[in-house]
Amino acid sequence: MVVVPHPAAGGDTRGASTVETDDAGAPVAQVRRHRDLAVAVAEIESAHHPRWVWTSTASVYPHLLRAGVRVQRCHDLATTATITSMRAGTPGLPSDEPVDERPGLFDAAPAVDIDTVLAQFAEQRRVLSEDRRLDLLIAAESAGTLAAAEMGFDGLPFSADAHRRLLESVLGPRPAGYEPPRRIAEVTAEICAAFGRPLNPASHAEILDAFRREGIDATSTRKHVLKEIDHPAVPLLLRHRDLSKLYSTNGWHWLDTWVHGNRFRPVYVPGAVVSGRWASRGGGALQIPKSLRSSVIADPGHTFVVADAGQLEPRILAAMSGDRRMVAAAGADDLYAPVAAAAFNGDRAKAKVAVLGVLYGATSGDARSLLTVLRNSFPVAVDFVERAARAGERGEVVYSWLGRACPPPEPGFHSHGDVRARGRFTRNFVVQATAAEWALCVLAELRRRLTTDPDRTAGELVFFQHDEVVVHTRNPDLAAAHIEASVQSATRLLFGDTAVRFPMKLAVRDTYADETDGE
DNA sequence: AGACAGGGCGCC
DNA sequence: AAAGGGCGCCCTGTCT
């Protein structure tokens with residue numbers, strides 16, 4: 001363990017200090033002063049790969065990456081504090097540290113004294129040393145912060161030319177000024193013609209008003225509502241919505257902002273979702289529309305290995321609950337097939353609806369009755385989430401498998417609707433948060449394997465999205481082997497010797513697009 | 001001018 | 001096919 005305080009504000013890395021500690025966080029050597037943080041980290045890292053302890057990866061590591069310095073392991077104090085304070089019921093009190101989004105600068109956080117950092121680390125070690133699962137969670141979260149910074153820095157291979165071709169074929173040429181692209185202008189004109197009056201197709205109020213003038217009372221302008229209306233403007237409105245979405249969210253401006261040097265460089269924010277899932281800041285990294293994925297093109301000589309965990313959350317529920325029949329079902333490649341056989345006369349569609357309904361807290365009568373059927377065959381699994389739901393309804397906090405706490409309820413939650421919503425949230429939390437932990441452990445192990453493989457062609461992580469990883473590699477077989485091994489490792493770390501399987505759908509392609517998507 | 005809420009969509 | 005959970009982002013419309 002080597003502790004480094006937060007660097008001074010303003011990008012001034014002079015005066016950086018390090019001190020070596022034992023596992024408990026007690027110093028075992030003198031504090032060393034360094035002229036340059038990146039140089040010091042590079043030197044120490046090459047000697048013995050310590051676990052770096054710092055205030056936050058988000059505020060320190062981007063600077064190191066820009067200096068060409070990478071580390072294997074860290075302990076992120078801010079991330080740890082966020083998790084432990086949520087467990088203590090005092091969310092949001094410790095450092096809400098801003099992440100470094102400005103190249104070349106550290107954020108404006110004040111410099112922190114090394115004794116303060118040491119004290120915080122020692123206290124966190126004391127807590128973690130008593131809780132093996134929490135210790136594992138913190139290690140995985142910390143590794144995740146490194147992976148997030150590295151993926152944001154390296155970027156996802158993305159062909160700006162391919163994307164420009166897509167935009168031009170769908171929207172027309174790039175507008176010179178602020179006027180809308182040709183195809184959007186055309187469909188807007190057609191909509192106005194269909195209604196016989198000018199209107200702004202982006203205004204819900206104007207659309208509803210226009211329909212009302214023709215004697216059509218729509219409750220909203222949602223797609224499924226519009227589709228019920230027999231009117232020539234309906235398909236035009238839906239098309240306008242699609243085009244506008246592409247233009248405004250992933251159009252030329254998005255390309256200029258987020259894609260440079262044929263790399264899409266998003267800002268990942270690990271653990272930003274209460275369940276522990278990652279979020280992204282700007283660029284919509286975790287919501288890349290399917291239509292854009294054919295522009296994610298591997299470099300020459302490289303391919304992508306795209307791996308996603310199929311039916312992850314039901315498998316997580318099986319492992320958490322220990323329901324013997326559900327565990328047995330989760331030993332199959334298709335979990336829904338044995339569930340259907342056991343409870344739904346082989347009707348797979350019904351089995352799927354029932355399982356998803358139990359995970360999300362379905363309220364519709366249809367799914368409720370299927371849930372009752374599911375309970376007959378899988379009582380332990382159903383009871384597991386029902387207990388989480390009832391705890392939430394009582395205002396209690398629930399926990400993931402490794403001990404992440406969900407936020408406490410809002411003080412004023414008492415209405416029937418609030419209480420039921422809280423139950424659906426806590427019901428889903430226990431599974432979604434544990435699924436996030438499993439995926440994070442996969443990511444951490446995969447990162448470790450890829451970066452330490454003596455064969456330098458194993459590849460690099462370029463994308464992570466909840467239950468999916470993408471490796472950019474010259475050697476897809478090796479990358480795939482590392483993915484499989486990482487899945488085994490994560491499963492064993494969390495659930496030990498379980499019969500639950502987590503089959504990965506692996507695909508080797510030169511674009512991120514699903515091969516079923518048309519060219 | 002800027003903040004915020006609500007509607008809507010698409011990603012898991 | 002959707003439903004239920006979690007997000008980010010865009011738009012309009014309203015309020016300050």
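Convention: sequence-line order gives letters A, B, ...; per-chain numbering from 1.
- Nucleic acid contact class of A:L359 (heavy atoms, under 4.0 Å, all strands): none.
- Both A:R277 and A:S280 lie near DNA chain C, and the one whose nearest nucleotide falls closer to the 5' end is A:R277.
- Rounded to a whole Å, the CG atom of A:L312 is 17 Å from the P atom of C:dG6.
- For the salt bridge (Lys or Arg N to Asp or Glu O under 4.0 Å) test, no residue two or more places apart in sequence or in another chain qualifies with A:R424.
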Side chain to side chain contact (heavy atoms under 4.5 Å, CB included) between A:M326 and A:V339, worked out: CA-CA 8 Å; A:M326 189 63 86; A:V339 171; 4.1 Å; yes
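- Contacts of residues 158-176 of chain A with DNA chain B (heavy atom under 4.0 Å): none.
- Sparse packing is recorded around CD of A:E410, with 12 or fewer heavy atoms of other residues, nucleotides or ligands lying under 6.0 Å away.
- Within residues 182-202 of chain A, no residue is approached by DNA chain B to less than 4.0 Å at the level of any non-hydrogen atom.
- When the nucleotides C:dA2, C:dC7, B:dG10 are ranked by their closest atom to the side chain of A:V353, C:dA2 comes out on top.
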Write out a two-atom table: protein N or O, nucleotide N or O from nucleotides 5-7 of chain B, distance below 3.5 Å.
none

A:L255 vs A:F158, test: side chain to side chain contact (heavy atoms under 4.5 Å, CB included). Steps then yes/no. CA-CA 10 Å; A:L255 192 62; A:F158 192 95; 4.0 Å; yes
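- Closest approach of A:E141 to A:G276, counting heavy atoms only: OE2-O, 4.4 Å.
- Atom CD of A:E206 and atom P of C:dG13 are 6 Å apart (whole Å).
- With C:dA3, B:dG10, B:dC12 as the candidates, the nucleotide lying closest to the side chain of A:Q287 is B:dG10.
- The nearest whole Å value for the distance from the CG atom in A:L356 to the P atom in C:dG4 is 12 Å.
- Atoms OH (A:Y268) and P (B:dC12) sit 13 Å apart, rounded to a whole Å.
- Atom CZ in A:R422 sits roughly 14 Å away from atom C1' in C:dG6 (whole-Å rounding).
- Remark: C1' of C:dA2 and NZ of A:K350 are 15 Å apart, rounded to the nearest angstrom.
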So what does the secondary structure string of DNA chain C come out as, 5' to 3', with Watson-Crick or wobble pairs under 3.5 angstrom, [ ] for crossing and | for pairs with another strand? ....||||||||||||
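- Salt-bridge formation is not detected for the pair A:R422/A:D418: no Lys NZ or Arg NE/NH1/NH2 atom is positioned less than 4.0 Å from an Asp or Glu carboxylate oxygen.
- Under the 4.5 Å side-chain criterion, counting only non-hydrogen atoms from C-beta, A:D467 is not in contact with A:W438.
- Remark: side-chain polar atoms of A:R315 are paired, donor with acceptor, to backbone N or O of A:R501 under 3.5 angstrom.
- Per the geometry, CG belonging to A:N428 stands 10 Å off P belonging to C:dC7, to the nearest Å.
- Between the side chains of A:Q311 and A:D334, at least one donor-acceptor pair of N or O atoms lies under 3.5 Å.
- Checked against the 6.0 Å centroid criterion, the rings of A:W254 and A:Y247 do not qualify as a close aromatic pair.
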Going through the distances and angles, do A:E437 and A:L440 end up as a side chain to side chain contact (heavy atoms under 4.5 Å, CB included)? CA-CA 5 Å; A:E437 286 164 353; A:L440 192 63; 5.6 Å; no
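- The CG-C1' distance, from A:L317 to C:dG4, rounds to 15 Å in whole Å.
- Here A:G284 lies in heavy-atom contact (under 4.0 Å) with sugar-phosphate atoms only.
- The A:T249 side chain lies nearest to C:dC9 when the options are C:dC7, B:dC11, C:dC9.
- Of the listed nucleotides (B:dC12, B:dC11, C:dA3), B:dC12 has the atom at the smallest distance from the side chain of A:H466.
- The aromatic rings of A:H472 and A:F304 sit tilted, their planes meeting at an angle between 30° and 60°.
- For A:N262 (side chain) and A:A160 (main-chain N/O), a donor-acceptor pair under 3.5 Å exists by modelled atom type.
- Within the 4.5 Å cutoff, the side chain of A:S295 has no heavy atoms near those of the A:Y512 side chain.
- Heavy atoms from other residues, nucleotides or ligands lying under 6.0 Å from NE2 of A:H224 number more than 12.
- Taking every heavy atom of both residues into account, A:P266 and A:F264 meet most closely at CD-O, 3.1 Å.
- Out of B:dG10, C:dG6, C:dT12, the shortest distance to the side chain of A:S203 is found at C:dT12.
- Proximity note for A:Q465 (side chain, C-beta onward) versus C:dA3, B:dC11, C:dG5: the nearest is B:dC11.
- Non-hydrogen atoms lying under 4.0 Å from DNA chain C are contributed by A:K245, all within residues 223-247 of chain A.
- Electrostatic pairing of A:R212 and A:D217 counts as a salt bridge here, judged by a charged N lying under 4.0 Å from a carboxylate O.
- For B:dG8, the base adopts the anti conformation, since its glycosidic angle falls more than 90 degrees from zero.
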